[in-house]
Amino acid sequence: DAGVIQSPRHEVTEMGQEVTLRCKPISGHDYLFWYRQTMMRGLELLIYFNNNVPIDDSGMPEDRFSAKMPNASFSTLKIQPSEPRDSAVYFCASSLQGVGGELFFGEGSRLTVL
Amino acid sequence: QQQVKQSPQSLIVQKGGIPIINCAYENTAFDYFPWYQQFPGKGPALLIAIRPDVSEKKEGRFTISFNKSAKQFSLHIMDSQPGDSATYFCAARGGYSSASKIIFGSGTRLSIRP
């Protein structure tokens with residue numbers, strides 16, 4: 001398997017613009033997670049899905065953030081409007097063994113908001 | 001109570017030395033303690049994990065020591081190599097097996113000098 005695939009790898013945008021990050025989980029993994037990594041806050045869980053259904057979005061920082069999983073092989077994380085403090089590396093991860101099982105991370109999307 | 005406290009924040013060790021990374025927790029319901037390794041530009045990946053009924057686990061040069069009464073656990077890297085330079089995250093699962101979320105420590109940036 002190719003692993004978790006994320007795109008874009010790098011995104012530079014201006015404040016106020018809409019940003020969409022994409023993720024393809026490992027085939028057969030029914031849990032999908034979105035994390036944000038910053039120097040100050042480390043790895044933060046934003047939201048996770050089970051069988052395409054959002055289960056826990058308590059980590060989503062604001063209403064500007066939204067996530068969808070229209071099918072088992074695709075998820076998006078959208079930020080609208082973006083702000084400089086959203087600059088971070090966003091990781092998607094998937095798991096076969098449940099929400100507490102081994103997490104398989106993608107290589108991340110580095111977002112810079114100017 | 002849901003936190004995992006990790007130290008040090010950064011660590012520099014000469015090749016062949018034994019870096020030690022420490023973590024502490026409060027919640028006695030935590031039932032699984034994984035360590036993740038992250039190389040620059042990559043996502044974290046599971047390195048080694050331990051359950052609280054075991055005091056030590058070794059996989060190659062990596063050893064987890066677990067002290068249940070002190071609610072502490074640590075990662076030791078024997079005969080460290082420059083290729084071990086990475087960020088290491090300790091983590092804990094919130095209890096009740098794979099239905100609970102993984103909670104990450106703040107990370108330790110390890111550098112092994114040649």
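Every heavy atom of this structure was used, including side-chain atoms; hydrogens, water molecules and symmetry mates were not. Throughout, a chain's letter reflects where its sequence line sits, starting with A, and its residues are numbered from 1.
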**Message:** Walk me through whether Ser94(A) and Phe33(A) qualify under side-chain contact (heavy atoms from CB on, under 4.5 Å).
**Reply:** CA-CA 6 Å; Ser94(A) 67; Phe33(A) 306 80; 5.7 Å; no

**Prompt:** Any idea which of Ala45(B), Gly41(B), Ala49(B) has the most non-hydrogen atom pairs under 4.5 angstrom with chain A?
**Reply:**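 Most pairs with chain A among the choices: Gly41(B).
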
**Asked** What residue in Pro44(B), Gly43(B), Ser106(B), Ala91(B) has the most heavy-atom pairs under 4.5 Å with chain A?
**Response**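 Most heavy-atom pairs under 4.5 Å with chain A: Pro44(B).
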
**Prompt:** Do the side-chain N and O atoms of Gln38(B) and Gln37(A) include a donor-acceptor pair separated by under 3.5 angstrom?
**Reply:**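 Gln38(B) vs Gln37(A): donor-acceptor pair found between side chains.
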
**Message:** Ignoring hydrogens and geometry beyond distance, is a side-chain donor-acceptor pair present between Ser69(B) and Asn67(B) at under 3.5 Å?
**Reply:**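 Asn67(B) and Ser69(B) do have a side-chain donor-acceptor pair below 3.5 Å.
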
**Prompt:** What part of Gln9(B) gets closer than 4.5 Å to chain A, counting heavy atoms only: side chain, backbone, both or neither?
**Reply:**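 Interface part for Gln9(B): neither.
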
**Prompt:** By a 4.5 Å heavy-atom criterion (distance strictly below it), what part of Arg9(A) contacts chain B: side chain, backbone, both, or neither?
**Reply:**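 The answer is the side chain of Arg9(A).
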
**Prompt:** Where on Asp56(A) is there a heavy atom nearer than 4.5 Å to chain B: the side chain, the backbone, both, or neither?
**Reply:**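 Contact with chain B involves the side chain of Asp56(A) alone.
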
**Message:** Could you check whether any side-chain heavy atom of Lys15(B) comes within less than 4.5 Å of a side-chain heavy atom of Gln81(B), counting everything from C-beta outward?
**Reply:**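 The answer is yes, as the side chains (C-beta and beyond) meet within the 4.5 Å cut-off.
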
**Prompt:** Mind checking whether Phe104(A) and His29(A) have ring centres under 6.0 Å apart?
**Reply:**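 Yes.
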
